[in-house]
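Below: the structure, in structure tokens.
Within every chain, numbering begins at 1; the chains are lettered A, B, ... in the order of the sequence lines, protein sequences first and strands thereafter.
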Amino acid sequence: MKPRVRFAPSPTGYLHIGGARTALFNWLYARHHGGTFVLRIEDTDQERSTPESLQAILDGLTWLGIDWDEGPGKDGPYPPYTQMKKLGRYTELAEQLIADGKAYRDYTTEDELTQQRKDFATARGLPPDADLRKAGFKFKSPWRDKVEKQDRPFVVRFKMPELEGSFGFDDLVLGRLEKPYDDLDDFVLLRSDGVPLYNFGCVVDDHDMHITHVGRGQEHINSTFPQLMLYRAFGWSPPVFAHIPLILGQDKEKLSKRRHPEADVMMHKKNGILPHALVNFIARLGWSHGNDETFTRAQLIELFDFKDVGSSNGVWNPEKLIAINQHWIRNGDPAELARALVPYLHEAGVPEATADERLTRAVKAFSTRVKTLVEMAQALKPYYARGVTIDGAAAAKHLDPAGKEMLKKARALLERTAEWTAANLDPIVDQLAAETGAKKGAIAQPIRVAVTGGTTSPGIGDTLELLGRAETLHRIDAALGH
RNA sequence: GGCCCCAUCGUCUAGAGGCCCAGGACGCUGGCCUUUCAAGCCGGUAACGCGGGUUCGAAUCCCGCUGGGGUCACCA
């Protein structure tokens, strides 16, 4: 049987890096097994859900190259894929549970609940601001065993069976996980406005959508138990669970949107990280395959399995992300990189940049010299300009009288170069070195400073080819004071 | 605090009883190469949290401790 997996984000903000990894692992699992990857929108938190967030999440996934087979914009056999569009289904199932005596209508009001908390605090001699959860407060509804229906607001609560012992499940990454029955209480299924809460909506949808494997963050371990009870109450068989470790910030705290800007997937796009580099990095955070560090997308799909996901949390490591990004800039397809680079060049103030053959050559020349697309755009920008401003220190060091003298000789040779290619241009340095007995540095550096304005650039041949004959001679003349 | 999960270099990790006085990667660092800067190549730095067991033998199994994380809503 082909697996059906899902990613079920809540559209309450941008795509979080932890969510992206959860999506990635599920997606890889589906692609590896030729299964189906479902994208489901859990928008039952009406306070916080926004259309903009939904779009941001879709954009984030798309940027990362994680495509879904069913979900927003993709019809599938088990619609709708948005929870607020199937409210009737939840109500129907809640009614069914009530009829079966497995859930009940709880008419407890806000005031009554507050009173119960107060009484609890007083009985324990606790201060009014004490955290009652820590003190072990457990809500007991007086409606648990009543069946009458009243004409006022109510929530539907699950009637947790009073059973001895414990129950559990076999997690794909953590192994056997168990919990005593009496740890659970009568959790809410449906709010008073009829909207389902997470545990209920999640179970109903995973069942309705025939989900076979649920890969999600370890913060959901505890909610798996009430969910399991729901499966049991409905007589449904639960999916296989895989709880993947959390990603921590550099301060070792859980990666949060508020405290960690790197939690935003799209921030990395802005920083010039390649989508595949981020995918590669994120995959290696928690998952491994021997000593391998870099993987193509095809390799990830071929090698991924939940059983190779580790069980301990991982700390975000920006240096390694950069290193992997550099690796893919260096080893990726230059033409493809050129296309990815164009928007960054536009951003850098080079509106005329297009993914042409010249840009591809430029990408090749700089691929070992920059770590991000932002750096690449910055590095390339001067090559698109007319003329260049020469750095004072560089000029003082390399464009002294001797340097200028050498530059003149170089210019003469350059002018006579038939075909303006790196292969033809590079030997000029050697030729001059042989003729004058000067060191290559005494020849190449004055040229480099004259045409780039600074002391560093790719090889002279590549640099000059990129600049073109006219611009090279123009800049040399300017440096010579003509 | 209750419950749950976790524990190898600073970080990501390999390691499924002897192959490990622990390997790779990033970082940091010495050198080589070199027309600059990179890249590349060769080297160095640095870890099995602690204490008990089990075993001829433990990073690997068991227990305790400690530490870290998660979770306890009419959020997800």
Side-chain angles (χ1 to χ4, degrees), chain A residues 8-10 12 42-49 106 108 110 113 130-139 153-157 171 174-175 177-180 183-185 187-199 201-202 216-225 243 245-246 248 250 252-254 281 284-294 310-324 326-327 330 366-371 379 394 398 426 429-430 432-433 438-449 452 454-461 463:
Chain A
S10 175
T12 55
E42 305 210 335
D43 58 348
T44 55
D45 183 350
Q46 289 293 283
E47 301 284 306
R48 298 190 302 148
S49 295
D106 180 9
T108 306
E110 191 74 44
L113 189 61
D131 188 339
L132 298 186
R133 293 176 307 189
K134 290 188 179 180
F137 173 76
K138 255 183 163 182
F139 174 70
F154 61 87
V155 298
V156 177
R157 282 184 188 273
D171 191 272
L174 296 174
L177 262 24
E178 295 210 3
K179 187 170 270 279
D183 265 14
L184 302 188
D185 54 10
F187 56 98
V188 173
L189 266 23
L190 237 43
R191 307 198 316 195
S192 52
D193 59 4
V195 176
L197 248 38
Y198 170 67
N199 281 143
C202 179
R216 55 169 36 158
Q218 287 190 5
E219 71 268 24
H220 286 111
I221 289 176
N222 286 307
S223 59
T224 307
F225 297 98
H243 287 96
L246 270 17
L248 273 27
Q250 284 179 280
K252 302 221 179 182
E253 308 247 347
K254 185 189 177 191
F281 173 72
R284 279 288 290 105
L285 208 58
W287 171 84
S288 64
H289 180 263
N291 281 335
D292 300 341
E293 297 287 346
T294 54
S311 43
S312 53
N313 297 339
V315 176
W316 185 259
N317 182 348
E319 277 96 22
K320 189 131 184 183
L321 203 215
I322 293 289
I324 289 179
Q326 189 175 17
H327 174 270
R330 199 170 354 132
F366 278 90
S367 64
T368 60
R369 278 161 249 268
V370 300
K371 301 179 194 306
H398 298 289
D426 260 327
V429 174
D430 300 292
L432 262 182
K439 288 193 161 190
K440 289 178 181 179
I443 300 157
Q445 284 306 79
I447 301 175
R448 178 168 278 117
V449 171
T452 70
T455 55
T456 69
S457 85
I460 280 296
T463 301

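Within the shown strands, U66(B) is the pairing partner of A7(B) under the Watson-Crick or G-U definition, both distances less than 3.5 Å. G43(B) is paired with U29(B) under the Watson-Crick or G-U wobble criterion, all donor-acceptor distances under 3.5 Å. Remark: U60(B) base-pairs with no nucleotide; criterion is Watson-Crick or G-U wobble with both hydrogen-bond distances under 3.5 Å. With both pairing distances under 3.5 Å, A16(B) is matched to nothing as a Watson-Crick or G-U wobble pair. Using N1 to N3 plus N6-O4 or O6-N4 for Watson-Crick, or N1-O2 and O6-N3 for G-U wobble, each under 3.5 Å, A22(B) pairs with nothing. G2(B) is paired with U71(B) under the Watson-Crick or G-U wobble criterion, all donor-acceptor distances under 3.5 Å. Pair check for U35(B) finds none; no Watson-Crick or G-U wobble contact set falls under 3.5 Å.
Summary of the strand contacts: Thr456(A) and Trp287(A) both lie near RNA chain B, and taking for each the nucleotide with the nearest heavy atom, the more 5' one is attributed to Trp287(A). Taking the nucleotide of RNA chain B with the nearest heavy atom to each of Arg284(A) and Ala8(A), the more 5' of the two is matched to Arg284(A).
Distance check on atom P: C41(B) versus C63(B) gives 45 Å, rounded to whole Å. The separation of C6(B) from A47(B), taken at their P atoms, amounts to 26 Å, rounded to a whole angstrom. Comparing A25(B) with C19(B), their C1' atoms sit 22 Å apart, to the nearest whole Å. Between U13(B) and G27(B), the two C1' atoms lie 15 Å apart (nearest whole Å). Across C62(B) and U54(B), the matching C1' atoms stand 7 Å from one another, rounded to whole Å.
Heavy-atom contacts of chain A under 4.0 Å fall on RNA chain B between two terminal nucleotides, which in 5' to 3' order are G1(B) to A76(B).
Using a 4.0 Å heavy-atom cutoff across all strands shown, Leu190(A) reaches no nucleic acid atom at all. The residue Arg330(A) sits close only to the backbone: its heavy atoms come under 4.0 Å of sugar-phosphate atoms, none of a base. At the heavy-atom level, Asp430(A) lies nowhere under 4.0 Å from the strands shown.
Contacts of Asp185(A) classified as salt bridge (charged side-chain N to carboxylate O under 4.0 Å, His left out), with partners at least two apart in sequence or in another chain: none. Among residues two or more places apart in sequence or in another chain, the ring pair (Phe, Tyr, Trp, His ring centres under 6.0 Å) test is passed with Phe137(A) by Phe120(A). Here Arg284(A) pairs with Glu293(A) under the salt bridge (charged side-chain N to carboxylate O under 4.0 Å, His left out) rule; sequence neighbours left out. Residues that satisfy the ring pair (Phe, Tyr, Trp, His ring centres under 6.0 Å) test with His289(A), not counting sequence neighbours, are absent from this structure. With sequence neighbours excluded, the residues satisfying salt bridge (charged side-chain N to carboxylate O under 4.0 Å, His left out) with Arg48(A) are Asp45(A).
Val370(A) has its side chain out of reach of Gln326(A): every pair of non-hydrogen atoms, C-beta onward, lies at least 4.5 Å apart.
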